[in-house]
Amino acid sequence: MLTLKLIQENKEFVIERLAVKNKNVGESVEKIIEFDNNRRSLQNQSDNKLAELNKVSQEIGQLMKSGQKEEAEKAKQITVSLKEDIKILGQQLADIEKQLHDVLVTLPNLPHSSVPKGKTPEDNEIVRSGGPAIKENDQMVPHWDLAKKYDIIDFDLGNKITGAGFPVYKGKGAKFQRSLIGFFLDEATNAGFREVIPPFMVNEDSGFGTGQLPDKEGQMYHDATDNLYLIPTAEVPVTNIFRDVVLNESEFPVKYTAYSPCFRREAGSYGKEVRGLNRLHQFDKVEIVVVANPKDSYEQLEKMVDHVENLLLKLELPYRILRLCGGDMSFTSSLTYDFEVYSEAQKRWLEVSSVSNFESFQANRLKLRYKDEATKKNQLAHTLNGSALALPRIVAALLENNQTPDGIKVPEILLPYTGFKFID
RNA sequence: GGAGAGAUGGCAGAGUGGUCGAAUGCGGCGGUCUUGAAAACCGUUAUUCGAGCGAUCGGAUCGGGGGUUCGAAUCCCUCUCUCUCCGCCA
């Protein structure tokens, strides 16, 4: 959520920046300013009436004490109309505040100045690529066939137990999954991220805090009985650790990592894009979350990018890093880097990580602040997060790219975790 | 799931319906003393909205929401959460 101060003071800037996200918010911004001005005026009136009532009430107290009953009764008369006015003003105020809030939450975060203009993924900017050279070979088998051949991931069985998008990992497939999670968590903790195991369900306040609610209600699984949501990413519970928190400046940067299963309804998806592991309703992911001083949040972002890149290098996967264009960015993000790995059998790039700086957009919703040493004032902190990494597409790429006549070759770095060199 | 108790400032813990944003203690910060430190003593110590260039002034906030009253931390209703006991259980 953008701050009112920013909108009031930099109206044109807000409109111009959001044009990069292909949003025309001129009308919304005008409404917000009008509502906010209204709000101020109403609060002013209401405050004055309240001050008057408080004064009269105190006087009545004094009169009662000194036994001047007649005078007290007379003073009570004054409060009648005062209270009526306060009631009406209070209702109007609540009304305008709701209207203001309703428009305010529809505004996406402002994109950073480095965000390229554009509408589709085609317009994303390739920052750099790396890893081993891509092997051109038409004989390569896609991962869904390899999964069946070695009996390591069973989509049909998951279909029977739950439904599409809930695979069962079996034998070396299950161990491989667990190995990757362990590897990612170890890498993160070695890089200074504190590991947490968060709840996998969150309440409404948490959903709002990170921006999933009210916007993307339909993308989360919802338990209506207890009004809880299955997390779509560990970002939600982990970032919400800091809801309503005031940090000391010396605590920055706060770095957390968490493994969690992620649940996404992905309503409306179909076709070959979602085949096999490409898109699931339940998948595993290790997330990294950083709460940073606004002064250096972009340095922190680059460090996170380096961390993720390093993981891909260690796994020996061909990758590329994209800076997302305005049209492809999420509602809450200021700047996002996507990481893609090349899947040699499917012959396409698969997104495996997304690393973003949200600046104060989430912090404003979360009321996540820090005490500024210089001014002694509470200021909004910056939040960042990234996948490090999401498992299924990494697994897909590893299976496809490492297939040999002897089985799937396990990357060197994972051997201490798997205990086997081949999936066969 | 059943029965009971509770929710007050960073923490602990008072609070008779009337200057209570709230005693006191601890902690934190600043100072005196000291070569330095400790101890002792003195002072200070919430958030947020609005008005003003500013000193400052006003409003709101004692788990959330609603009510009674001229006036609510204090009384009433309701929701949430925590604790104790019983039941069930990985």
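All heavy atoms count here, side chains included; hydrogens, waters and symmetry mates do not. Chain letters run A, B, ... following the sequence lines, proteins first, then strands; residues in each count from 1.
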If pairing requires Watson-Crick or G-U wobble contacts with both distances under 3.5 Å, which nucleotide is the partner of rC81(B)?
rG6(B)

Does OP1 or OP2 of rU19(B) have a side-chain N or O of K55(A) closer than 4.0 Å?
no

Roughly how many Å is it from CG in N203(A) to C1' in rC79(B), rounded to a whole number?
15 Å

Look at R39(A) and rG50(B) and indicate whether a side-chain polar atom (N or O) is within less than 4.0 Å of OP1 or OP2.
yes

Geometric cation-pi criterion K285(A) and Y259(A), 6.0 Å radius, 45° cone:
no

May I have the distance from Q58(A) (atom CD) to rG58(B) (atom P), rounded to whole angstrom?
11 Å

Who does rA39(B) pair with, Watson-Crick or G-U, both distances under 3.5 Å?
none

Using heavy atoms to find the nearest nucleotide of RNA chain B for Q43(A) and V56(A) separately, return the residue whose nucleotide is more 5′.
Q43(A)

For nucleotides rA5(B) and rC75(B), find the distance between their P atoms and express it as a whole number of Å.
14 Å

Please report the distance separating the C1' of rA55(B) from the corresponding atom of rC76(B), rounded so that it comes out in whole Å.
44 Å

Within the supplied structure, the quantity of interest is the number of heavy atoms (other residues, nucleotides, ligands) at a distance under 6.0 Å from E16(A) CD; does it exceed 12?
yes

Length of the CG-P vector between L53(A) and rU19(B), whole Å:
15 Å

Does K255(A) have more than 12 heavy atoms from other residues, nucleotides or ligands lying within 6.0 Å of its NZ?
yes

Identify whether any heavy atom of N48(A) sits under 4.0 Å from a base atom; if not, whether one sits that close to sugar-phosphate; answer base, sugar-phosphate or nothing.
nothing

Watson-Crick/G-U partner (both atom distances under 3.5 Å) of rC11(B):
rG25(B)

So if I take every side-chain heavy atom of N44(A) and compare against rG50(B), rG59(B), rG71(B), which nucleotide ends up nearest?
rG50(B)

Which whole-number value in Å describes the distance from E97(A) CD to rG65(B) P?
12 Å

In terms of side-chain geometry, is the basic nitrogen of K170(A) or D151(A) positioned less than 4.0 Å from the acidic oxygen of its partner?
yes

Flag if over 12 foreign heavy atoms under 6.0 Å of CD, E204(A)
no

Could you please name the option among rC70(B), rG59(B), rU48(B) that lies closest to any side-chain atom of T79(A)?
rC70(B)

Distance check, P atoms only: rC89(B) and rU80(B), in whole angstrom units.
26 Å

I need the CG-P distance between L50(A) and rU48(B), as an integer number of Å.
21 Å

CA sep, side-chain torsions, deciding dist, call: E309(A), F339(A), side-chain contact (heavy atoms from CB on, under 4.5 Å)
CA-CA 8 Å; E309(A) 183 171 19; F339(A) 287 73; 4.1 Å; yes

Measuring to OP1 and OP2 of rU19(B), would you say a side-chain N or O of N54(A) lies under 4.0 angstrom away?
no

Quick check: F331(A) with F361(A) (ring centres under 6.0 Å apart)?
yes

Lys/Arg-Asp/Glu bridge criterion (N-O < 4.0 Å) met for E52(A), K49(A)
no

Return the nearest nucleotide to the side chain of A51(A); candidates are rU47(B), rG50(B), rG59(B).
rG59(B)

Ranking D36(A) and Q62(A) by the position along RNA chain B of their nearest nucleotide, the one closer to 5' is Q62(A)

Side-chain atoms of K371(A) come closest, of rG18(B), rA46(B), rG50(B), to rA46(B)

Can you tell me the distance, in whole Å, between the CD1 atom of I96(A) and the P atom of rC49(B)?
18 Å

Under a 3.5 Å cut-off for both contacts, is rU47(B) paired Watson-Crick or G-U wobble with anything, and if yes, with which nucleotide?
rA60(B)

Phosphate oxygens OP1/OP2 of rA51(B): is one of them under 4.0 Å from a side-chain N or O of R40(A)?
yes

Separation of the C1' atoms in rC85(B) and rU78(B), to the nearest angstrom
26 Å

Determine: side-chain N/O of N378(A) to OP1/OP2 of rU48(B), distance under 4.0 Å, yes or no.
yes

Whole-Å distance separating the NZ atom of K49(A) from the C1' atom of rA60(B)
18 Å

Given the C1' atoms of rC62(B) and rG13(B), what is the spacing between them in whole Å?
13 Å

Out of rG58(B), rG18(B), rU69(B), which nucleotide sits closest to the side chain of D47(A)?
rG58(B)

Taking the P atom of each, how far is rC57(B) from rG30(B), in whole Å?
26 Å

Over how many whole Å does the gap from Q77(A) atom CD to rC70(B) atom P extend?
10 Å

Testing rC70(B), rG58(B), rU47(B) for proximity to the side chain of R369(A), the answer is rU47(B)

Taking atom P in both rA7(B) and rU16(B), what distance in whole Å separates the two?
13 Å

Base-pairing assignment for rU19(B) (Watson-Crick or G-U wobble, both under 3.5 Å):
none

Write down the distance separating the C1' atoms in rU74(B) and rG17(B), rounded off to the nearest Å.
6 Å

Any strand, both distances under 3.5 Å, Watson-Crick or G-U wobble: rA90(B) pairs with none

